[in-house]
Amino acid sequence: MSKVTVLSVDDIAFLEPYLPRSKDELPFVTLTYASSLDGMISLAPGLRTTLSGSATKSMTHYLRQYHDAILVGVGTVIADDPSLNCRYPGADFEPQPRPIVVDPRARWDYESSKLVQLSLQGKGKKPLLVHVAHGVERKNQDDGVCEHAYLPAEGEGPDSNSSSLDWMSMLMEFKRRGMDSVMIEGGATIISALLRRPELIDSVIVTLAPTWLGAGGVTVQPAERHEGGERVNAARLMGTAWRQFGDDAVLCGRLGT
Ligand SMILES: NC(=O)c1ccc[n+]([C@@H]2O[C@H](COP(=O)([O-])OP(=O)(O)OC[C@H]3O[C@@H](n4cnc5c(N)ncnc54)[C@H](O)[C@@H]3O)[C@@H](O)[C@H]2O)c1
Ligand SMILES: Nc1nc(=O)c(N)c(NC[C@H](O)[C@H](O)[C@H](O)COP(=O)(O)O)[nH]1
């Protein structure tokens with residue numbers, strides 16, 4: 001496992017314009033992930049795949065220290081068993097960012113996960129799991145090792161069986177719980193869905209690793225978009241800046257709406 005090291009003054013200056021700023025109604029949202037040259041984030045569904053080199057891994061930990069929460073989907077916690085804490089050197093990271101897992105149908109078996117172990121050892125915050133309430137009035141609860149938030153499914157009617165959560169409701173819930181900034185790290189389903197809600201994303205920081213993963217990998221691919229009957233780009237970055245970190249390129253930008 002590569003060591004997390006301190007970034008150079010120039011790396012820090014490059015990232016500065018994309019760090020969280022205070023917002024009134026919603027948390028500041030940073031979308032960040034590592035992609036291959038063929039637009040993939042892992043070799044196969046459910047397979048942990050290291051794309052970031054040591055410099056961009058250090059960048060991830062540098063960014064984590066500026067966020068109140070780190071969010072991933074249930075597919076990522078099952079595949080990667082991540083730590084999601086901040087291990088940037090030379091500072092005392094209190095408070096740690098809160099890990100958030102979007103797990104609509106509560107399918108993650110978290111008891112022996114790294115997230116829970118780190119929280120019990122005081123090396124990370126207690127994870128917050130977000131589930132679908134499914135019409136039933138479910139009380140938010142704390143089972144000792146994780147907190148659980150229950151939110152209504154998107155567009156839910158009395159007979160709905162949807163397991164899709166609305167991003168606006170999730171972000172409002174995080175803000176209500178005192179989280180002013182959320183760093184969203186993946187996986188593919190989460191990133192692809194969020195790229196369809198550009199108005200909710202404040203910064204995008206993508207690591208481009210100099211490798212092709214090949215057919216069968218997991219792709220970031222937002223759903224197609226039409227305007228006035230015409231097919232248009234699904235999403236596009238504006239105000240972009242690029243910098244080399246080790247062998248990787250880092251692309252920062254903001255989403256056009
Ligand atoms: N390279 C990277 O930066 C990176 C980052 C994270 C994960 N990964 C990789 O990505 C893969 C996992 O991706 P994935 O797409 O399978 O999993 P994911 O982490 O995106 O989780 C997908 C699940 O999240 C839930 N979900 C997502 N959006 C939702 C919404 N709006 N409402 C309700 N539920 C929602 C659903 O249950 C869905 O099945 C793994 O192989 C992992 O290693 C790579
Ligand atoms: N930036 C980045 N580069 C990668 O090459 C990769 N595989 C991920 N994947 C994101 C996912 O959320 C991982 O699970 C966490 O990056 C692991 O985080 P920890 O070190 O365990 O804290 N992210």
Side-chain angles (χ1 to χ4, degrees), residues 1-4 30-36 38-65 70-88 93 96-97 99-108 113-115 117-118 123-124 127 129-134 149-156 162-171 183-197 200 204-209 211 213 216-223 245-248 250:
M1 203 194 275
S2 63
K3 235 179 114 204
V4 177
T30 306
L31 180 62
T32 182
Y33 63 98
S35 173
S36 66
D38 43 1
M40 295 182 185
I41 67 163
S42 73
L43 281 163
L47 207 58
R48 184 173 190 153
T49 306
T50 299
L51 281 162
S52 300
S54 59
T56 43
K57 187 186 172 86
S58 298
M59 177 190 76
T60 295
H61 285 273
Y62 176 80
L63 295 172
R64 283 180 182 176
Q65 67 180 312
I70 314 290
L71 181 148
V72 295
V74 62
T76 296
V77 284
I78 290 174
D80 292 6
D81 191 21
S83 302
L84 303 185
N85 57 0
C86 177
R87 307 192 291 281
Y88 194 71
F93 294 112
Q96 281 281 342
I100 300 177
V101 180
V102 180
D103 183 10
R105 293 191 187 272
R107 69 184 166 102
W108 183 39
S113 67
K114 250 191 227 160
L115 283 182
Q117 298 315 313
L118 287 168
K123 294 180 184 166
L129 276 49
V130 186
H131 310 297
V132 164
H134 277 312
Y150 292 87
L151 296 177
E154 203 168 26
E156 183 166 79
S162 166
S163 65
S164 203
L165 289 158
D166 171 55
W167 281 101
M168 177 68 97
S169 315
M170 282 196 268
L171 292 174
M183 177 161 155
I184 299 185
E185 292 200 18
T189 311
I190 293 271
I191 300 165
S192 300
L194 255 178
L195 286 171
R196 293 306 312 273
R197 300 296 306 271
L200 300 179
V204 178
I205 303 176
V206 179
T207 292
L208 198 56
T211 187
L213 293 183
V218 176
T219 320
V220 168
Q221 194 169 62
F245 280 67
D247 286 341
D248 302 337
V250 173

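Indexing begins at 1, ligand by ligand and atom by atom, following the structure's order. Numbers here are sequence positions counted from 1. Every heavy atom of this structure was used, including side-chain atoms; hydrogens, water molecules and symmetry mates were not. Quantities reported herein were computed from a predicted structural model and do not represent experimental measurements.
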*Out of S36, A106, A79, G217, whose heavy atom sits nearest atom 40 (C) of ligand 1?*
A79
*Heteroatom proximity flag, I190 to ligand 1, N/O under 3.5 Å*: yes
*Geometric N/O contact T49 with ligand 1, under 3.5 angstrom*: no
*Tell me which part of V72 gets within contact of ligand 1: side chain, backbone, both or neither, using heavy atoms under 4.0 Å.*
neither
*asked:* Can you check which of R87, R64, E185, K57 brings a heavy atom nearest to atom 18 (O) of ligand 2?
replied: R64
_Tell me whether S83 has any N or O atom under 3.5 angstrom from an N or O of ligand 2._
yes
*asked:* Counting only nitrogen or oxygen atoms and a 3.5 angstrom limit, does I41 reach ligand 1?
replied: yes
*Between T211 (side chain) and S36 (backbone), is there a donor-acceptor pair under 3.5 Å?*
no
*Any N/O of D80 closer than 3.5 Å to an N/O of ligand 1?*
yes
_R48 heavy atom under 4.0 Å from ligand 2_ = yes
*asked:* I'd like to know if P104 contacts ligand 1, where contact means a heavy-atom distance under 4.0 Å to any ligand atom.
replied: yes
_Residue-level breakdown please: for V72 versus ligand 2, do any non-hydrogen atoms fall below 4.0 Å on the side chain, on the backbone, on both, or on neither?_
side chain
*Ignoring hydrogens and geometry, is there a side-chain-to-backbone donor-acceptor pair from H131 to D103 under 3.5 Å?*
yes
_Checking side chain to side chain donor-acceptor pair (under 3.5 Å) between E154 and each of S163, S164, S169, which is the one that passes?_
S164
*For ligand 1, does S163 get within less than 4.0 Å through its side chain, its backbone, both, or neither, judged by non-hydrogen atoms?*
backbone
*Would a distance-only check, ignoring hydrogens and angles, find a side-chain to backbone donor-acceptor pair under 3.5 Å from T49 to L43?*
yes
_Below 4.0 Å, non-hydrogen atoms only: which portion of T76 touches ligand 2? Side chain, backbone, both or neither._
side chain
*Give yes or no for whether the N/O distance cutoff of 3.5 Å, strictly under, is met between E185 and ligand 1.*
no
*What residue and heavy atom of the protein are closest to atom 41 (O) of ligand 1, and at what distance?*
S42 OG, 2.9 Å
*Do ligand 1 and G187 have nitrogen or oxygen atoms that lie under 3.5 Å from each other?*
yes
*asked:* I need the nearest protein heavy-atom contact for atom 1 (N) of ligand 1: residue, atom name and distance, please.
replied: A34 O, 2.9 Å
*asked:* With a 3.5 Å distance limit and no angle check, can you tell me whether N85 reaches the backbone of K123 through a side-chain donor-acceptor pair?
replied: yes
_Counting only heavy atoms closer than 4.0 Å, does ligand 2 sit against the backbone of M59, its side chain, both, or neither?_
neither
_Checking the N or O distance criterion of under 3.5 Å, is ligand 2 in contact with Y33?_
no
*What about G75: any of its N or O atoms under 3.5 Å from an N or O on ligand 1?*
yes
*asked:* Treating E185 as the side-chain partner and T32 as the backbone partner, does any N or O pair qualify as donor plus acceptor under 3.5 Å?
replied: no
*Considering distance alone, does some N or O of P82 sit under 3.5 Å from an N or O of ligand 2?*
no
_Just to confirm my output: which protein heavy-atom neighbour is closest to atom 15 (O) of ligand 1, and how far is it?_
T189 OG1, 2.5 Å
*Side-chain heavy atoms of V130 within contact of I100, under 4.5 Å*: yes
*Would you say R107 touches ligand 1, if touching means a heavy atom closer than 4.0 Å?*
yes
_Is there a polar contact between ligand 2 and S52, counting only N or O atoms under 3.5 Å apart?_
yes
_Suppose I only count heavy atoms of T60 and a 4.0 Å limit; which atoms of ligand 2 are within that range?_
1 (N)
_Could you report the tightest heavy-atom contact between C86 and P97, atom names first, then the distance?_
CB-CD, 4.1 Å
*Under 3.5 Å, is there a donor-acceptor pair between the side chain of S35 and the main chain of Y33?*
no
*With a 4.0 Å cut-off on heavy atoms, is T207 touching ligand 2?*
no
*Nearest heavy-atom pair of I70 and L84: which atoms, and what distance?*
CG1-O, 3.7 Å
*Does an N or O anywhere in P45 fall below 3.5 Å from an N or O of ligand 1?*
no
*Short list, please: which atoms of ligand 1 are under 4.0 Å from a heavy atom of L47?*
41 (O), 43 (O)
_Under 3.5 Å: N/O of V218 near N/O of ligand 1_ = no
